[in-house]
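A short worksheet on the structure shown next.
Not measured: the values here are computed from a predicted model. All heavy atoms count here, side chains included; hydrogens, waters and symmetry mates do not. Counting starts at 1 for both ligands and their atoms, in listed order.
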Amino acid sequence: MTRKFFVGGNWKCNGTVEDVKRIVCMLNNGEVPCPNHIETIIAPPYVFIPLVKSMLRTDFQIAAQNCWKGKGGAFTGEISAEMLANLHVPWVILGHSERRQMCGETDAIVAEKTAYALNQGLKVCLCCGETLKEREMNETNAVVCRQVGAVAGKIACWANVVIAYEPIWAIGTGKVATPAQAQEVHYNLRKWLDCNISPQVAQATRIIYGGSVTSANCKEIGSNPDVDGFLVGGAALKEEFIAILNARNYQH
Ligand code: PEP
């Protein structure tokens, strides 16, 4: 079973209209593998989604960086999954560690959001990852399996889920996981899916790595058998994102 290489660019809370136009122009001019080989999502801040959507090449898909956990209504400041679906935004990133840590999103909330978004027809890039303290206490696998397990308790179908393993100590720090560290966690997550969901889901589900991915380290990390792509933060705002999309040597 071949899993299509998957790369996401998470712009986080960055940019102005001028920056957006410049970055989209850079993306549109980039030489990248054809969509038979790679699936690419771009996650701008909500307010820029319509602008990015109107300008972005059609072989790249749009993602939101979050959404509300249920039906819209009296939830000031929130954006619902229905709204994203209504705007034809196909993807949403959920459970990013910055939201877990800074916005109080628990495993249960992330699971609820994931189930609701999938039910609205969105595809979900589901993030998991351990703190440095948890890694040092040898709890990495327990943490990521607990985070993914919470979601497993709420959803019946994994076809529209990509799992992003993002060690928190590697996000935005320049401290990247070694290829062996990434492979070990991805392998264990796949084994967990095999034992707890099904061998088919384990084989088919893309597990991507995030945490200080750059043009310099993407080839080595991406050559691991269980690493199916990347979720990229800082480098997604720069020209080097194109090099990351070319981490595997597919023909254009
Ligand atoms: C991220 O925000 O998901 C991320 C991986 O950030 P960075 O690439 O900057 O570490």
Side-chain angles (χ1 to χ4, degrees), residues 5-15 19-20 23 26-27 30 38-46 48-49 52 60-67 89 91-103 105 107 110 113-114 117 123-132 134-135 140 143-144 147-148 151 161-179 181-183 185-186 189 206-222 224 226-247:
F5 190 53
F6 186 100
V7 179
N10 175 14
W11 292 4
K12 310 195 188 195
C13 185
N14 287 299
D19 293 331
V20 166
I23 297 166
M26 177 273 287
L27 294 173
I38 185 171
E39 192 166 3
T40 305
I41 64 168
I42 301 296
Y46 287 133
F48 296 133
I49 285 179
V52 174
F60 289 9
Q61 304 172 78
I62 307 276
Q65 298 174 18
N66 177 39
C67 68
V89 173
W91 284 89
V92 60
I93 296 171
L94 292 174
H96 193 283
S97 63
E98 285 155 12
R99 295 207 57 86
R100 289 180 190 261
Q101 294 203 308
M102 296 178 212
C103 307
E105 292 195 7
D107 291 348
V110 174
K113 285 186 174 198
T114 303
K123 299 178 185 183
V124 174
C125 179
L126 170 68
C127 303
C128 61
E130 82 287 5
T131 62
L132 184 59
E134 287 163 340
R135 172 160 283 267
T140 298
V143 169
V144 296
Q147 291 169 332
V148 172
V151 172
V161 179
V162 166
I163 297 173
Y165 167 57
E166 300 205 299
I168 295 169
W169 47 271
I171 296 182
T173 58
K175 216 177 185 186
V176 65
T178 64
Q181 284 173 324
Q183 168 58 23
V185 180
H186 286 225
L189 274 168
R206 269 105 34 109
I207 306 177
I208 63 174
Y209 169 82
S212 297
V213 173
T214 64
S215 54
N217 59 34
C218 62
K219 278 194 194 321
E220 207 186 344
I221 301 172
N224 283 292
D226 288 298
V227 176
D228 303 312
F230 308 107
L231 185 56
V232 184
L237 300 164
K238 303 180 197 157
E239 181 92 42
E240 76 178 301
F241 188 65
I242 299 297
I244 295 170
L245 294 172
N246 284 288

Evaluation steps, side chain to side chain contact (heavy atoms under 4.5 Å, CB included), between Y165 and E130 = CA-CA 9 Å; Y165 167 57; E130 82 287 5; 2.8 Å; yes
Please step through side chain to side chain contact (heavy atoms under 4.5 Å, CB included) for the pair H96 and N66, ending with a clear verdict.
-> CA-CA 8 Å; H96 193 283; N66 177 39; over 6 Å; no
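Between H186 and Y209, the ring planes lie tilted relative to each other; the angle falls in the 30° to 60° range.
Under the 4.5 Å side-chain criterion, counting only non-hydrogen atoms from C-beta, C127 is in contact with L231. In this structure the side chain of F5 reaches within 4.5 angstrom of the side chain of I38, judged on heavy atoms.
Within 4.0 Å of ligand 1, counting heavy atoms only, the contacting residues are N10, K12, H96, E166, A170, I171, G172, G210, G211, S212, L231, V232, G233, G234.
Using a distance-only test at 3.5 Å, with no hydrogens or angles considered, no donor-acceptor pair links the side chain of T40 to the main chain of F60.
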